Amino acid sequence: MVIVMEKHTAEANVEHVMSELIARGFDVHRSTGSDQTILGVVGDITTIDPREFELFEGVQEAVRVSEPYKLSSRTWRREKTIVNARGVEIGGDKVVVMAGPCTIESEHQLFETAKRVARSGARVLRGGAYKPRSSPYAFQGMGVEGLKLLRAAGDEFNMAVVSEVMEISQIEKMLEYVDILQVGARNMQNFNLLTALGQVRRPILLKRGMSATIQEWLLASEYIMSGGNYDIILCERGIRTFETATRNTFDISAIPVIDKLSHLPIVGDPSHATGRRDKVMPLARAIVAAGGDGLLIEVHHDPEKALCDGPQSLYPDQFARLMDELRIIVPAVGRAL
Ligand code: PEP
Ligand code: MN
């Protein structure tokens with residue numbers, strides 16, 4: 001249920017409704033818009049009649065939310081969420097480009113790549129320290145040593161940093177180093193991990209599971225939001241279909257669909273979607289043209305030698321060219337870079 005307060009109603013009215021709900025055992029999530037407050041009420045609301053709350057002073061209406069996700073929906077928060085990661089705003093006017101290697105391999109590799117993507121205009125540096133590899137024999141990542149390098153490179157080149165968290169036990173350590181915690185496609189329905197991430201106060205980049213529907217994806221975000229962490233960035237990275245020409249199939253319509261259903265920002269990852277660097281640039285252009293709030297792109301200073309995802313990693317020169325192209329496309333869709 002959501003309770004829409006009257007515009008500019010007194011704070012005391014909002015607090016009165018909230019304390020009444022809390023006293024009855026509900027969780028109340030407050031969304032304070034520019035002129036209107038909306039309360040998201042979660043718990044077993046089958047026992048209450050929303051109309052009862054419309055009699056409270058300052059309440060405009062109380063309605064049941066028909067979607068299974070509540071806090072992720074536009075019903076609870078009408079204005080788009082802007083996630084702030086170390087001063088970088090995702091979901092605002094500017095399209096944010098996140099770039100870097102799939103995996104942190106060495107100081108030389110990370111710093112060389114970071115220097116190049118920063119120079120081209122990337123504002124967030126990506127790099128995995130814990131890798132969800134399909135094979136147990138493949139390189140599994142540098143762990144904490146990798147996180148230290150990532151933080152140092154982010155600081156050196158003035159970028160926020162994002163890295164993947166694979167399990168609950170890694171969260172605490174990662175909070176020391178990263179600005180955005182990435183949940184990978186394979187973990188989108190790891191509900192224990194999502195619940196734990198609801199307790200932290202750090203932005204989460206939630207990738208769409210490779211066989212997840214949009215509803216399942218928004219329900220995954222709801223797990224995090226219900227814990228009170230509202231800073232979520234959705235990331236479409238392609239889904240499994242019958243098509244084999246690309247690694248996955250990018251669901252471009254997910255961008256406008258999400259924009260209608262949810263207030264959460266959405267970025268696109270053309271690297272994991274296609275699996276081939278020659279397909280990354282056209283898809284990146286399409287993501288921005290479709291209204292994506294940003295991009296997550298794999299770049300490697302020497303992709304032939306990459307330990308992971310080399311074939312889909314852009315050369316730094318290609319990335320620079322892509323950024324030049326985006327500078328033309330972005331204003332055409334009413335955004336800035
Ligand atoms: C990644 O970003 O390197 C990654 C493993 O992505 P995904 O979870 O989308 O496969
Ligand atoms: Mn990768």
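Bear in mind the structure is a predicted one, so any value in this text is a computation, not a measurement. All ligand and atom numbering here is 1-based and tracks the order in the structure.
Near ligand 1, residues C102, R126, K131, P132, E164, Q182, G184, A185, R186, K207, R237, H272, E298 come within 4.0 angstrom through at least one heavy atom.
Among the candidates H272, R237, M98, the single residue satisfying the side-chain contact (heavy atoms from CB on, under 4.5 Å) test with L296 is M98. A side chain to side chain donor-acceptor pair (under 3.5 Å) with Q60 is found for one member of Q36, E54, E6 and no other, namely Q36.
Donor-acceptor pairing under 3.5 Å is recorded for the side chains of E304 and Y315. In summary, the side chains of T249 and D251 do not present any donor paired with an acceptor at a separation below 3.5 Å, with no hydrogens or angles considered. Q215 and T213 share no side-chain donor-acceptor pair at under 3.5 Å.
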When the side chains of residues 136-148 are checked against the rest of the protein, which donor-acceptor pairs come out under 3.5 Å, sequence neighbours left out?
unit_1	atom_1	unit_2	atom_2	d
Q140	NE2	S135	O	3.4
Q140	NE2	P136	O	3.4
Q140	NE2	A138	O	2.6

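Residues forming a salt bridge (charged side-chain N to carboxylate O under 4.0 Å, His left out) with R247 (at least two apart in sequence, or on another chain): D309.
In the hydrophobic clustering of this structure, M210 does not group with I258; members are Ile, Leu, Val, Met, Phe, Trp, Tyr whose side-chain heavy atoms approach within less than 4.5 Å, directly or through other members.
What you find for M188 and K207 is that their closest heavy atoms are CG-O, 3.3 Å.
Around the Mn ion (ligand 2), the protein N, O or S atoms found under 2.8 Å comprise C102 SG, H272 NE2, E298 OE2, D309 OD2.
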